[in-house]
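Every chain is numbered from 1, with letters handed out A, B, ... down the list of sequences. Just so you know, these numbers come straight off a predicted model, no measurement behind them. The analysis underlying the following values was restricted to heavy atoms, covering all of them including side chains, and did not include hydrogens, waters or symmetry mates.
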Amino acid sequence: MSQESEGRLHRLRREKVEQIRDQGINPYPNRFRRRHVAQDVHRDMEDRTHEEIEASGAEYVLAGRLMAVRDFGKASFIHIEDGSGRIQVFMKKDVLGEEGYRHFKLWDVGDIVGIAGTPFVTRTGELTIQASDAVLLTKSVRPLPEKWHGLKDIEIRYRQRYVDLIANEEVRETFRTRSRLITNIREYLDGHGFLEVETPMMQPIPGGATARPFVTHHNTLEMDLYLRVAPELYLKRLVVGGFERVYEINRNFRNEGISTMHNPEFTMLEFYMAYTEYNGLMDFTEELLREVVRRTTGAEQLVYQGKAVDFSRPFDRISFAESLRGLDRFEDRHLKNPEDALDYARGRDIQVSDRDPLGKIHLKIFEHLLEPDLTDPTFVYDYPVEVSPLSRRSDDEPETAERFELFIAGMEIANGFSELNDPRDQEERFREQVAERESGDEEAHMMDRDYITALDYGLPPTAGEGIGIDRLAMLVTDSASIRDVILFPHQRSVQS
RNA sequence: GAGCCCGUAGCUCAGUCCGGUAGAGCAGCGGACUUUUAAUCCGUCGGUCGAAGGUUCGAAUCCUUCCGGGCUCACCA
């Protein structure tokens with residue numbers, strides 16, 4: 001089963017490599033210069049008649065992986081595939097010569113090969129290169145998955161992504177789309193005066209989110225370091241330093257559960273805008289996403305797992321409390337009284353604890369009963385302050401945080417808020433977190449004195465936000481699992 | 001961490017309910033075929049049935065444990 005197992009086919013092909021060497025042929029030469037890709041041929045010959053194509057006399061030098069062979073004895077049709085696509089090649093003994101055709105017969109599906117030739121159109125209408133020259137470039141010694149069904153085994157697809165990418169065109173397209181998505185986000189932010197920065201992935205004090213970190217150790221410094229759970233506190237230090245609009249697209253690491261929505265390392269966009277508060281941030285986010293989705297997919301509407309999602313209309317906005325009030329039989333007393341809220345949750349099979357503060361109970365109710373139904377992009381704003389330890393309190397309602405989350409297709413996509421810039425308030429909240437940590441909460445924050453010092457110098461009024469890039473990639477590629485948009489998702493290691 | 005499901009040839013899958021000589025297609029190998037499209041036709045090789053133990057005259061099939069994966073839940077974004 002394992003990739004190390006000595007399959008019969010693998011052994012035969014390795015023997016074949018030795019036979020090829022014995023014939024004086026290098027199975028891995030590197031002096032071939034490709035001059036064209038498959039797409040060049042398709043593009044050049046588009047809109048031409050068969051006669052024009054054959055009369056063109058155009059010469060192409062192509063290279064790629066041999067994906068299919070249809071052998072007729074003294075002639076063969078093959079398909080080769082390169083980074084741009086596929087092209088059919090006609091291998092004819094008359095043209096290649098006795099020796100050339102014998103060389104071709106050494107090829108196997110999966111080999112990397114180079115060919116030179118001229119285009120024509122076959123009887124069945126397929127644009128094809130008639131090869132005048134052909135050379136083996138890289139011998140492949142493992143059999144490819146089946147041509148028709150492809151590779152379906154999810155475990156092999158994730159563990160040996162290279163095979164998945166060879167076999168499944170739609171997987172390649174998914175990762176191209178992901179890349180385009182990120183490029184479009186960068187361009188949008190760069191075009192709006194943002195500076196892209198890189199802040200530490202290894203941090204002495206992991207901050208900016210409530211999550212269990214991974215720990216590592218630096219030998220020379222003789223200190224433990226944590227893989228970051230968020231770049232937040234560093235990015236805000238940069239706003240203190242005068243970079244008024246900054247962003248970072250990079251990995252975060254959280255030592256927590258794995259699911260279709262969670263990978264231990266995941267990619268997050270975090271950005272900060274000075275002189276904006278959370279309402280301005282919602283406006284900005286809406287324009288950013290509409291534009292990025294349109295540039296990435298070509299439309300402002302998409303279908304995710306059978307559900308239509310519309311980015312073209314103004315995003316829905318509803319306050320957290322208002323959304324709860326819309327629930328069946330949810331009354332004011334459930335909003336104000338923790339015991340009533342507990343009853344409400346337990347009556348609907350939501351796991352809550354007597355120790356949960358009111359805001360946390362409300363959040364659990366929201367997550368179970370409301371979040372899954374938020375299909376079109378929806379901002380939910382004004383969260384309970386108890387579940388928003390990093391955001392600024394509302395000046396008018398101190399129990400409410402100036403915070404919003406954006407939900408799309410039932411997924412939490414973004415989390416943003418007006419930043420807390422009062423150093424004494426921040427210090428106090430750190431102290432509370434430290435107390436929780438000492439009473440056993442591993443996710444609670446540690447004290448970050450230097451961050452307090454930075455705030456002492458003065459953080460201008462600022463709003464900041466994190467957008468989960470993997471989840472956004474799931475949306476634009478219609479992927480059901482986060483592992484389908486991460487090239488190498490983590491798997492348990494195989495015991496041999 | 002808990003529940004449910006899955007693991008059979010290189011790949012895609014039957015066979016497991018109801019125990020009785022491990023199958024198919026593709027790929028491979030040999031042969032025919034100079035415009036095919038999952039090419040076709042003839043022949044042929046290929047298995048630690050995830051692993052270990054147990055029940056049984058006999059286990060891919062029933063039982064137990066373990067390994068790996070998927071989904072749901074919990075935590076989280």
What protein N or O atoms touch nucleotides 32-34 of chain B N or O atoms at under 3.5 angstrom, if any, and at what distances?
unit_1, atom_1, unit_2, atom_2, d
C33(B), N3, Asp71(A), O, 3.4
C33(B), N4, Gly73(A), N, 3.2
U34(B), OP2, Phe72(A), O, 3.3
U34(B), N3, Asp94(A), OD1, 3.3
U34(B), N3, Asp94(A), OD2, 3.0
U34(B), O4, Asp94(A), OD1, 2.2
U34(B), O4, Asp94(A), OD2, 3.2

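- Backbone-only contact: Thr260(A) has heavy atoms under 4.0 Å from sugar-phosphate atoms and none from a base.
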Distances for protein N/O vs nucleotides 27-30 of chain B N/O pairs under 3.5 angstrom?
unit_1, atom_1, unit_2, atom_2, d
A27(B), OP1, Lys147(A), NZ, 2.9

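- Partners of Ser323(A) according to the side chain to side chain contact (heavy atoms under 4.5 Å, CB included) rule, which considers only residues two or more places apart in sequence or in another chain, are Ile318(A), Phe366(A), Leu370(A).
- Within the structure, every side-chain polar atom (N or O) of Arg483(A) is placed at least 4.0 Å from both OP1 and OP2 of G69(B).
- A donor-acceptor pair under 3.5 Å is formed between the side chain of Asp82(A) and the backbone N or O of Gly85(A).
- Here U12(B) presents its P atom at 12 Å from CD of Glu155(A), a figure rounded to the nearest Å.
- Remark: P of C11(B) and OH of Tyr162(A) are 12 Å apart, rounded to the nearest angstrom.
- Between G69(B), C11(B), U35(B), one nucleotide has an atom nearer to the side chain of Leu151(A) than all others, and that is C11(B).
- Using a 4.0 Å cut-off, no side-chain N or O of Arg70(A) falls inside it from OP1 or OP2 of U36(B).
- In this structure, OH in Tyr101(A) is found 10.0 Å from CG in Asp94(A), a value given to the nearest 0.5 Å.
- A distance of about 32 Å separates the C1' atoms of U72(B) and A59(B), rounded to the whole Å.
- Close to G10(B), at under 4.0 Å from its OP1 or OP2, lies no side-chain N or O of Arg11(A).
- With the nearest nucleotide of RNA chain B identified for both Glu126(A) and Arg471(A), Glu126(A) has the one nearer the 5' end.
- Put simply, the side chain of Ser391(A) never gets that close to the backbone of Glu402(A): no donor and acceptor are under 3.5 Å apart.
- A sub-4.0 Å separation between OP1 or OP2 of U35(B) and a side-chain N or O of Gln130(A) is absent.
- Of the inter-residue distances, the one linking Tyr383(A) atom OH with Phe404(A) atom CZ reads 10.0 Å to the nearest 0.5 angstrom.
- With C1' as the reference atom, G47(B) and G15(B) are 14 Å apart, rounded to whole Å.
- Pairs of residues two or more places apart, or lying in two chains, that qualify as side-chain hydrogen bond (donor to acceptor under 3.5 Å, both in side chains) and include a residue from residues 361-375 of chain A are Asp356(A)-Lys364(A).
- Residue Gly468(A) is out of contact with every strand shown, counting any heavy-atom pair closer than 4.0 Å.
- Applying the salt bridge (charged side-chain N to carboxylate O under 4.0 Å, His left out) test to every pair with at least one member in residues 477-492 of chain A, sequence neighbours left out, gives these pairs: Arg157(A)-Asp484(A).
- Phe120(A) comes within contact range of at least one nucleobase, with a heavy-atom separation under 4.0 Å.
- Applying the salt bridge (charged side-chain N to carboxylate O under 4.0 Å, His left out) test to residues at least two apart or on different chains, the pairs with a partner in residues 41-55 of chain A are Asp40(A)-Arg43(A).
- The same atom, P, is picked in G69(B) and in U64(B); the two are 22 Å apart, to the nearest Å.
- The same atom, P, is picked in A22(B) and in G58(B); the two are 15 Å apart, to the nearest Å.
- Other residues, nucleotides and ligands contribute more than 12 heavy atoms inside 6.0 Å of the CD atom of Glu170(A).
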